[in-house]
Amino acid sequence: MTRVLLIKTSSLGDVIHCLPAISDLARSVENLELDWAIEQSLMEIAQLHPAVTSIVPVRLRYWRRHLLEPVTWREFGEFRRRISWRRYDRIIDAQGLIRSALLARLASGPHCGYDRASVREPPASLFYDCRYPVSVTVHAVERMRRLMAQAMGYELPAELDYGVRAGGGWPDWLAEGRYIVALHATARPDKGWSESAWIELACRAAAAGLRVVLPWGSGRERERSERIAAAAGGIAPPRLGFNELAQLLAGAATVVGVDTGLTHLASAVGAPVVAIYAASWWEFNGVIGPGYIANLGGPGAVPGVDEVWAKVEEARCCARKVGAWRADLVEPPPELAGRRRFRPSPAR
């Protein structure tokens, strides 16, 4: 039995980016027992992958805001007991932050992570027993795959596989027929697309015989979903959990989304995806997956409705290629090869 503890607590997009590395691990290591330390709110994502044996929930965001509350220390004590009661063959910090490295040190076994030149917060590398170089110019998915392969000593498989298995029946609130999913919600307003653009896109979809489903997570997002749905004949569904969202996305004719974790979940389940970027570069953290992928825009270059709709129509004409993936999205184009997603300190 090979026991591995993975530290990757958040955020939603980063957690989804970690799934292919888990697939590689399960394919390459026999008799694997994998525990995953992850934010409690994201546990459903970890449960989507069959190779995850056990989930160790954390609530770092809550704990940091409520340091003086007894519940914080009770929960932290339980977390510490759960990861320290046995020894692991490898403890892999895929987060690369000081706080995640400190969490990893609570577990017993060899601690592995990025080296100083590769990690987001260079001091975090001081807490690792084994440090590995991984290029900071490749896609985030590929970074985690390369870290896992080096830490566990196997050759990186050629195929990229998220390993997500979205199952379940057709939801009662969604009538039979073809639909697209519009993921308009994002935590940062500067990453969003205008409401008028979403309405126009939804109207074009309706004219093409496609219903538009508009998931939401907060009260404000629900109101926006309802406004867009009312203006274009779309559907604002009930609040959905990650498993229900995975099922919805997997069945979509196309998913159109802004720079948010759910857009990456769509790619993980193999849906055709048109991703809209307004405030960040997609070359290092963009959508990558087995289905049709179109990453559009960037800082100062927000795509218009015509450009997005053209890609939606293109996606509808492309057959899904399960198991295939966009190799050109792993390595950035030559003109961007010198750009970094973060600026690490020089290696010593």
Side-chain angles (χ1 to χ4, degrees), residues 1 3-19 21-22 25 32-114 119-121 123-129 144 147-148 151 164 185 187-188 216-219 221 239-246 260-262 264-265:
M1 182 69 67
R3 295 190 175 95
V4 177
L5 173 64
L6 173 64
I7 308 290
K8 187 68 175 179
T9 60
S10 62
S11 56
L12 176 57
D14 293 339
V15 164
I16 293 168
H17 283 160
C18 204
L19 295 174
I22 294 175
L25 178 66
L32 174 67
E33 189 170 305
L34 176 65
D35 294 349
W36 189 348
I38 188 172
E39 277 285 340
Q40 183 173 299
S41 61
L42 300 177
M43 286 173 55
E44 275 191 78
I45 298 297
Q47 291 168 346
L48 290 173
H49 202 297
V52 178
T53 306
S54 179
I55 297 168
V56 186
V58 300
R59 290 211 298 167
L60 282 177
R61 294 172 177 174
Y62 178 88
W63 295 344
R64 285 183 295 169
R65 294 194 305 266
H66 302 85
L67 283 175
L68 300 182
E69 294 187 9
V71 65
T72 294
W73 295 102
R74 284 199 302 270
E75 290 179 358
F76 179 74
E78 176 60 24
F79 167 78
R80 184 170 185 172
R81 283 191 293 274
R82 288 194 62 178
I83 68 169
S84 63
W85 72 277
R86 65 178 180 184
R87 183 175 178 83
Y88 289 97
D89 296 292
R90 289 289 189 277
I91 302 159
I92 302 173
D93 177 19
Q95 196 86 32
L97 302 176
I98 295 172
R99 63 175 179 268
S100 60
L102 289 172
L103 286 181
R105 293 303 303 187
L106 298 175
S108 177
H111 299 83
C112 307
Y114 299 104
V119 74
R120 185 179 183 89
E121 294 182 356
S125 66
L126 298 174
F127 296 95
Y128 307 141
D129 303 307
M144 292 184 213
L147 172 64
M148 188 76 78
V164 173
R188 283 175 46 186
W216 52 273
S218 68
E221 292 167 2
R239 184 166 185 166
L240 305 174
F242 288 125
N243 188 54
E244 295 169 306
L245 282 165
T260 179
L262 292 181
H264 296 285
L265 180 59

Which heavy atom in [X] sits nearest to a heavy atom in [Y], and how many Å separate them?
{"X": "Val119", "Y": "Ala124", "value": "CG2-CB, 4.3 Å"}
{"X": "Trp36", "Y": "Val52", "value": "CE3-CG2, 3.8 Å"}
{"X": "Leu5", "Y": "Ala37", "value": "CD1-N, 4.3 Å"}
{"X": "Met144", "Y": "Asp14", "value": "CE-O, 3.6 Å"}
{"X": "Gln95", "Y": "Ser11", "value": "NE2-N, 4.4 Å"}
{"X": "Ser41", "Y": "Phe242", "value": "O-CE1, 3.3 Å"}

Could you grab the distance from atom [atom1] of [X] to atom [atom2] of [Y], nearest 0.5 Å is fine?
{"X": "Leu245", "Y": "Arg239", "atom1": "CG", "atom2": "CZ", "result": "10.0 Å"}
{"X": "Met148", "Y": "Cys112", "atom1": "CE", "atom2": "SG", "result": "10.0 Å"}
{"X": "Ser100", "Y": "Ile92", "atom1": "OG", "atom2": "CD1", "result": "13.0 Å"}
{"X": "Leu34", "Y": "Ser54", "atom1": "CG", "atom2": "OG", "result": "9.0 Å"}
{"X": "Leu12", "Y": "Glu39", "atom1": "CG", "atom2": "CD", "result": "12.0 Å"}

Heavy-atom side-chain proximity of Leu265 to Leu48 below 4.5 angstrom: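 Heavy-atom side-chain distance check passes, below 4.5 Å.
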Heavy-atom check, side chain of Asp35 versus side chain of Val4, under 4.5 Å: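 Answer no - side chains too far apart.
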Whether [X] side chain and [Y] backbone form a donor-acceptor pair below 3.5 Å:
{"X": "Glu44", "Y": "Asn243", "value": "yes"}
{"X": "Glu221", "Y": "Gly217", "value": "yes"}
{"X": "Trp85", "Y": "Arg82", "value": "yes"}
{"X": "His111", "Y": "Phe127", "value": "no"}
{"X": "Glu121", "Y": "Ile98", "value": "yes"}

Results of salt bridge (charged side-chain N to carboxylate O under 4.0 Å, His left out) for Arg80 - residues two or more places apart only: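 In terms of salt bridge (charged side-chain N to carboxylate O under 4.0 Å, His left out), with neighbours along the sequence ignored, Arg80 is linked to no residue.
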Salt bridge (charged side-chain N to carboxylate O under 4.0 Å, His left out) partners for Glu33, two or more places apart: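 Glu33 satisfies salt bridge (charged side-chain N to carboxylate O under 4.0 Å, His left out) with Arg3, Arg86 only.
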Qualifying salt bridge (Lys or Arg N to Asp or Glu O under 4.0 Å) pairs with a residue from residues 47-64, counting only residues at least two apart or across chains: Arg59-Glu75
Asp129/Arg90 salt bridge by N-O under 4.0 Å criterion: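 Salt bridge between Arg90 and Asp129, a charged N being under 4.0 Å from a carboxylate O: no.
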Partner residues of His264 under the ring pair (Phe, Tyr, Trp, His ring centres under 6.0 Å) criterion, sequence neighbours left out: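 Ring pair (Phe, Tyr, Trp, His ring centres under 6.0 Å) list for His264, sorted by chain: His17.
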Steps toward side chain to side chain contact (heavy atoms under 4.5 Å, CB included) verdict (Ile38, Val56): CA-CA 6 Å; Ile38 188 172; Val56 186; over 6 Å; no
Step-by-step side chain to side chain contact (heavy atoms under 4.5 Å, CB included) determination, Leu60 to Phe76: CA-CA 9 Å; Leu60 282 177; Phe76 179 74; over 6 Å; no
Donor on one side chain, acceptor on other, Tyr114 and Asp93, under 3.5 Å: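 No, no side-chain donor-acceptor pair sits under 3.5 Å.
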Pairing residues for Thr72 by the side-chain contact (heavy atoms from CB on, under 4.5 Å) criterion, not counting sequence neighbours: Tyr62, Trp63, His66, Glu69
By side-chain contact (heavy atoms from CB on, under 4.5 Å) - contacts of Ala94 (at least two apart): Leu6, Lys8, Cys18, Leu147
Worked verdict on Leu103 versus Thr9 for side chain to side chain contact (heavy atoms under 4.5 Å, CB included): CA-CA 10 Å; Leu103 286 181; Thr9 60; 4.3 Å; yes
